[in-house]
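A, B, ... follow the sequence lines: proteins, then strands. Residue 1 opens every chain.
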Amino acid sequence: MVVAGDIIIRAMKPDTTINQLRHFVGQEVVLSGWAYNVRSSGKIVFLLLRDGTGLCQCVVEKNEQTEPFFESAKRTTQESSVTISGLVREEPRAEGGYELAVSGFELLHAAKDYPITPKAHGIDFLMRHRHLWFRSRRQEVILKIRATLTDAIRRFFNDNGYVNIDTPIFSPAAGEGASTLFSVDYFGEPVYLAQTGQLYVEAACMAHRKVYCFGPTFRAEKSKTRRHLTEFWMVEPEIAFAELDDVLAVAEDFIISLRDRVLRDHREHLQFLGRDLAQLERIRKPFVRLRYNDAIELLHSDAAQQLLQRDLEAKNQQITTLEQELAEATEKAKSAAKQWEKDKAAAREIEIREELAELREQVANIPHHVELAKNFQWGKDLGGSDETIISRLHEQPVFCTHYPKQVKAFYMKVNKQDPRLVNNFDLLAPEGFGEIIGGSQREDEYDVLLERIHEEGLPVEPYEWYLDLRRYGSVPHGGFGLGVERTLCWLAGLKHIREAIPYARMMGKIYP
RNA sequence: UCCCCGAUAGCUCAAUGGUAGAGCGAGCGGCUGUUAACCGCUAGGUUCUAGGUUCGAGUCCUAGUCGGGGAGCCA
């Protein structure tokens, strides 16, 4: 039966996809895809087709030619798969500017009760239907940008002389902080899912000079925030004959290249997501370099306090505005003449309530943040609110460098001028998106590294191979890790990290 | 681990302690330019669980489960 339909539909017509339609204006073509939305009146059907490359309105007018399939087209349910032929024509009223005047129609599979309807849904429901949520416009766009981002990451390193080294996911011992590792039964032995490939990539670095690993990493942290996943993707370059400044320069070029590529390939997608492109476009070298000691001064400064004060005022102002809007929406939801107007007002009401709740929480937190900043003491790690303050006081991304060694990992290079510090850095993305890179120069002196292992109370034996790298031709070297999902959040302007990965693994979430 | 909020139809949400409703979705019908189309009709409920208060609990109280937001920690 498919064959018969095929012959009728396909005879002499080229198969194409929606993103190619502009090359076929005035011609008959065949499209296949899924019904995104179907509207009909008595004698005309508008079927919005989704084919993975775009959306196209397919118009079926009732006449002799369409008579055999008109009813079938009219009754097509959401997300049913179809093959449609028709004449491509320019049409300003249609989304995308082109539409198909349908001449042939075949239903491949009728979807029954597709769960994600064209109305509002809660996040829990959407996450449980992640496998179907992919088909929604916003999710499709985000994951397309992600695919470009991961390609741009590999491209940068491959084009710049780095060798890709795949590091193991099963790790024999806890590298740092065993509590944050997932343990797995490995033939009766407890092993752990890798939370970094760095130590392994360092070894390869001594063979290849410039290397990187790229893959999933795992953190068993019980954190439930919009910035955390238990499984996320990280790329970790490692460079021989490099000191801290050399690593910073690489990170800078790397970030610029990712920004350039995503902006080049996804301008329209970013606009669809509501991203402020000017914020991305203004990013340029050099990024801000801020030493930990200076960051503390900044946190203690009037500028920081004023920023928070201005924030408080701006947010209170926003709350007032939103409260007015909420009252209007509530009134409209009750009094509007048309049902759809009520609907829209009610939906807006829910949106406003959510925004208000978020703003009120932020306002409630500001005094706390003020205190944290004012009382920040030397020797502590920078907290989330501190990072936000620092990044908001600068136009460009900020490298925070030279942290106290007690809050950092044992392998970071102890600073020669001030041995209380290490030659490390975090990169803070602008607009308060927070930390997207953590990196350092590595300790290359055998004695110092051994000392640090002892200081941290770590067993030496599992690190013998790592110490070997300092026994046989040790060189200054360093690298960093960039979190793919956090970077995507920044580039695409996503509020929550769960949208930045196809299947988010979070505390207590493993389906689908 | 800590703090705040929530759980009512497939979905999104209503319901001064007093007969559980609406819209969407589904089913049926109407409509030749719709844009989350629109209009009419129909079906759809163990109000998260277990206790308690009360003449009476979706609503109040206690505990638990699950979810959301935030803190800490981090990419």
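- At the heavy-atom level, A/Lys509 lies under 4.0 Å from the strands shown only through sugar-phosphate atoms.
- Comparing the P positions of B/rG27 and B/rU8 gives an interatomic distance of 25 Å, to the nearest angstrom.
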Give each protein N/O atom lying under 3.5 Å from an N/O atom of nucleotides 9-11 of chain B, with the pair distance.
residue : atom : partner  : partner atom : Å
B/rC11  : O2'  : A/Ala120 : O            : 3.4
B/rC11  : O2'  : A/His121 : ND1          : 2.5

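- For the P atoms, the distance linking B/rC11 with B/rG68 amounts to 16 Å, nearest Å.
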Review item, side-chain donor-acceptor pairs of residues 372-382 of chain A, under 3.5 Å, at least two apart:
residue  : atom : partner  : partner atom : Å
A/Asn375 : ND2  : A/Glu371 : O            : 3.2
A/Asn375 : ND2  : A/Glu371 : OE1          : 3.2
A/Trp378 : NE1  : A/Asn293 : OD1          : 2.7

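- As rounded to the nearest Å, B/rG58 and B/rU47 have C1' atoms that lie 5 Å from one another.
- Only the C1' atoms considered, B/rC73 is 13 Å distant from B/rC2, to the nearest whole Å.
- A/Ala194 meets the side chain to side chain contact (heavy atoms under 4.5 Å, CB included) test with A/Ser171; sequence neighbours excluded.
- Residue contacts for A/Arg89: at a heavy-atom cut-off of 4.0 Å it reaches a base atom on one of the strands shown.
- In this structure, A/Phe46 forms no aromatic stack with the base of B/rG33, since the conditions of centre separation below 5.5 Å and plane angle below 30° are not both met.
- Nucleotides B/rU19 and B/rU59 are separated by 16 Å at their C1' atoms, to the nearest Å.
- Among the heavy atoms of the strands lying under 4.0 Å from A/His228 is at least one base atom, whether or not backbone atoms are also near.
- Annotation: B/rG45 and B/rG51 have their P atoms spaced 24 Å apart (nearest Å).
- Side-chain nitrogen and oxygen atoms of A/Arg498 include none within less than 4.0 Å of the OP1 or OP2 phosphate oxygen of B/rG67.
- Listed pair A/Arg75 / B/rC28 meets the phosphate criterion, a side-chain N or O lying under 4.0 Å from OP1 or OP2.
- Nucleic acid contact class of A/Arg137 (heavy atoms, under 4.0 Å, all strands): none.
- Base pairing annotation: B/rU65 forms a Watson-Crick or G-U wobble pair with B/rA7, both donor-acceptor distances under 3.5 Å.
- In this model, the phosphate group of B/rC31 is not approached by any side-chain N or O of A/Lys74 to a distance below 4.0 Å at OP1 or OP2.
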